[in-house]
Amino acid sequence: FCLSLYYWSTWPGWEANLIHHVMVLIVWWQLTQGGYAQGPATISMLCESSTPFVAMRWYLDKAGMKTGKVYLANGMLMMISFFIFRVCLYTYM
């Protein structure tokens with residue numbers, strides 16, 4: 001959210017990113033304050049568990065470390081976490 005505001009002029013697609021995060025904050029606030037749908041809300045948050053691996057893959061790519069073991073291990077963890085949390089868990093929901 002803050003990065004969208006800070007890099008707004010140099011980041012293509014910042015508007016969609018900003019709208020997405022504002023809407024997520026509004027919906028999350030409604031779910032937690034209303035006392036309902038904690039299960040689906042928690043599962044939706046768990047779907048974001050693969051995001052750090054996606055970000056690390058980008059950083060490793062930009063650092064020129066695509067041939068190292070860290071890049072391979074991160075890619076495997078990204079794939080496993082994406083499958084578990086986004087495919088299996090989200091399908092269950």
Task: Approximate separation, where rounding is to 0.5 Å, of Phe85 CZ and Ile80 CD1 - done: 11.0 Å
Open item on the list: Hydrophobic clusters here meaning ILVMFWY residues chained together by side-chain heavy-atom distances under 4.5 Å, can you tell me if Met56 and Met65 are in one?
Closed with: yes
Open item on the list: Does Glu48 form a side-chain contact (heavy atoms from CB on, under 4.5 Å) with Val54? I'd like the steps, not just the answer.
Closed with: CA-CA 10 Å; Glu48 295 296 324; Val54 174; over 6 Å; no
Open item on the list: Is the shortest side-chain heavy-atom distance between His21 and Leu25 below 4.5 Å?
Closed with: no
Open item on the list: Testing the basics here: between Phe53 and Ser81, what is the closest heavy-atom pair and its distance to 0.1 Å?
Closed with: CD1-OG, 3.4 Å
Task: Any Arg57 side-chain heavy atom under 4.5 Å of Leu77 side chain - done: no
Open item on the list: So which atom in Tyr71 and which in Asp61 form the shortest heavy-atom distance, rounded to 0.1 Å?
Closed with: CE1-N, 4.3 Å
Task: Nearest-0.5 Å distance, OG of residue Ser50 to CE of residue Met78 - done: 8.0 Å
